[in-house]
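A short write-up of the structure that comes next.
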Amino acid sequence: MTKLKRRRSSEVPPKIKSFINNVTTTPLENIEEPLKGFVWEFDKGDFHHWVDLFNHFDSYFEKHIKPRRDLQVEDNFLESDPPFPREAVLQILCVIRIILENCTNKHFYSSYEQHLSNLLASTDADVLEACLQTLAAFLKKTLGRYSIRDTSLNTKLFSLAQGWGGKDEGLGLIASTAQNGCDPVAFELGCTLHFEFYALDEVSSQVSATEQSTQGLQIIHLPNVNACPETDLELLNKLVVEYKVPPSLRFSLLTRLRFARAFGSLASRQQYTCIRLYAFIVLVQASSDADDLVSFFNSEPEFINELVSLLSYEDEVPEKIRIRCLLSLVALSQDRSRQSTVLAAVTSGGHRGILSSLMQKTIDSVISDTSKWSVVFSEALLSLVTVLVSSSSGCSAMREAGFIPTLLPLLKDTDPQHLHLVATAVHILEAFMDYSNPAAALFRELGGLDDTISRLKVEVSHIENCSKQQGEDSDLRARNLRVVASASSELDSMLPLYSEALVAYHRRFLMKALLRAISLGTYASGILLVFMDLKRVCCPSAYV
């Protein structure tokens with residue numbers, strides 16, 4: 001195992017060093033104990049500060065995960081392994097994800113591929129979902145396009161992204177997630193394990209040479225698999241022996257088996273839909289094989305439209321699934337060759353106006369601090385619009401959909417936990433004004449320029465006065481963070497609280513965005529305000 005190395009010039013902050021020491025001095029067998037309740041209480045991070053901790057996690061995976069036969073699904077995978085360290089693995093993945101989401105330079109962490117690839121074979125749905133969440137966190141906001149080097153990981157992601165089947169079979173996204181989404185015929189089909197493969201002379205030590213004469217098309221068809229008394233691994237082993245399934249196809253068979261068993265109940269079906277969407281997101285963002293996506297869309301041509309349709313199921317489908325749909329659309333839109341398809345899906349037919357309607361409801365909910373729409377949903381929706389307005393056609397379509405007046409109320413939302421939302425909204429307004437003079441004129445006519453200047457004054461005033469309350473607010477925020485961490489058992493809490501240090505980072509980021517937006521908003525024929533003077537007056541020493 002190759003250890004990561006920290007840069008010599010990278011001095012680890014004392015608070016981070018203390019946490020890492022606490023974890024690394026704990027025996028590996030009890031590693032979950034010091035990780036419980038971990039929350040981000042730091043400024044925007046540098047991954048180099050956490051290298052020693054990630055090396056420690058690598059040591060844990062090498063000792064307790066890599067040797068497990070049940071994760072390899074090769075020969076003799078039913079041989080006795082120690083009990084799977086579920087809680088330790090979930091805690092480690094949670095901490096890894098939180099660190100990756102808050103750090104730069106995370107592309108230096110490359111050994112994740114092997115460890116997370118192994119964990120994708122887990123029959124525990126929570127571990128599988130957490131594993132894919134961690135992969136998605138690694139790829140989020142990575143500079144450039146990252147390609148997965150491990151071809152087996154690509155194959156596993158493709159298998160997980162396929163789900164139960166397509167809309168034509170009655171097993172699309174809506175049928176899989178809505179309360180009464182599928183009819184009895186589709187339900188029976190969803191609970192059926194159907195797997196076809198061609199048997200070849202692939203030697204396995206589990207069967208003798210004389211038994212390996214079976215060749216040609218092999219069909220495994222097992223209805224009502226959700227009612228089988230065996231565990232997933234026991235049933236898999238039985239099918240492997242009976243049909244002589246080669247090692248290279250066992251993960252795909254295991255995936256079909258897991259999905260078929262999950263279809264029996266709505267809760268497990270919805271969780272596996274999240275798993276499917278996470279796998280799709282990672283596959284789109286990091287797959288080095290474009291043929292995988294071509295093959296995927298050939299088998300499910302209605303998938304993008306289904307992603308958009310599911311957004312309108314506000315009461316029937318859990319919010320976390322609709323968030324995954326938004327993130328799937330974001331991943332697709334980041335690929336310029338597919339952005340036009342996404343844009344057409346959200347602006348034509350029965351979906352026309354769906355994004356602006358969702359944005360209006362979301363902003364109203366966030367500003368009024370109701371629980372109808374979470375901050376996480378708002379982040380995902382704003383991320384999609386941000387990507388779409390990065391092209392001239394997308395910017396024009398979003399402007400025509402009425403996004404400028406929809407976004408302006410966010411400028412008056414001064415909740416410290418919403419600063420990143422306001423900054424993202426300001427960036428979108430910048431894009432409108434940058435691409436279109438009429439958009440800039442509309443921005444001014446609607447009072448956007450005045451609101452932006454007023455908001456900048458609010459932020460400057462806060463910076464000037466924050467030193468008086470910094471100690472008191474910091475203590476209160478730390479207590480609130482610990483309460484949220486202990487109260488929430490979900491890995492992806494729908495109501496995150498940002499530390500005071502991270503709020504300060506978001507505030508600086510917002511102030512820069514406000515200055516750029518004012519600059520664009522004041523530029524018109526014959527009018528150009530001098531903004532360096534405004535910058536000096538408004539942000540003397542506080543602006544960084």
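We count residues from 1, following the sequence as given.
- Under the 3.5 Å distance criterion, with hydrogens and angles disregarded, no donor-acceptor pair is assigned to the side chains of Ser122 and Asp124.
- The residue from Leu382, Leu381, Val375 that alone fulfils the side chain to side chain contact (heavy atoms under 4.5 Å, CB included) condition with Glu379 is Val375.
- Within the structure, salt bridge (Lys or Arg N to Asp or Glu O under 4.0 Å) contacts touching residues 173-186 (residues at least two apart or in different chains) do not occur.
- In the model, Arg258 has a side-chain atom that pairs as donor or acceptor with a side-chain atom of Thr255 under 3.5 Å.
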What donor-acceptor contacts under 3.5 angstrom involve side-chain atoms of residues 186-195, with partners at least two apart or in another chain?
from: Thr192; atom 1: OG1; to: Glu188; atom 2: O; distance (Å): 2.7
from: His194; atom 1: ND1; to: His221; atom 2: ND1; distance (Å): 2.9
from: His194; atom 1: NE2; to: Glu196; atom 2: OE2; distance (Å): 2.8

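- Stacking of Arg399 on the aromatic ring of Phe432 is not recorded, the 6.0 Å distance cut-off and the 45° axial limit not both being met.
- With sequence neighbours left out, the side-chain hydrogen bond (donor to acceptor under 3.5 Å, both in side chains) criterion links Glu314 to Lys361.
- Partners of His64 according to the ring-ring contact (aromatic ring centres under 6.0 Å, His included) rule, which considers only residues two or more places apart in sequence or in another chain, are Tyr60.
- Annotation: cation-pi geometry satisfied between Arg256 and Phe259 (NZ/CZ under 6.0 angstrom from ring centroid, within 45° of ring axis).
- In terms of the ring-ring contact (aromatic ring centres under 6.0 Å, His included) criterion, residue partners of Phe509 (sequence neighbours excluded) are, by chain and number, His427.
- Identified under the salt bridge (Lys or Arg N to Asp or Glu O under 4.0 Å) test for residues 342-359, with sequence neighbours left out: none.
- Classification of the Tyr498-His506 ring pair by plane angle, with boundaries at 30° and 60°, yields perpendicular.
- Side-chain atoms of Tyr278 never come within 3.5 Å of backbone atoms of Ala130 as a donor-acceptor pair (strictly under, hydrogens ignored).
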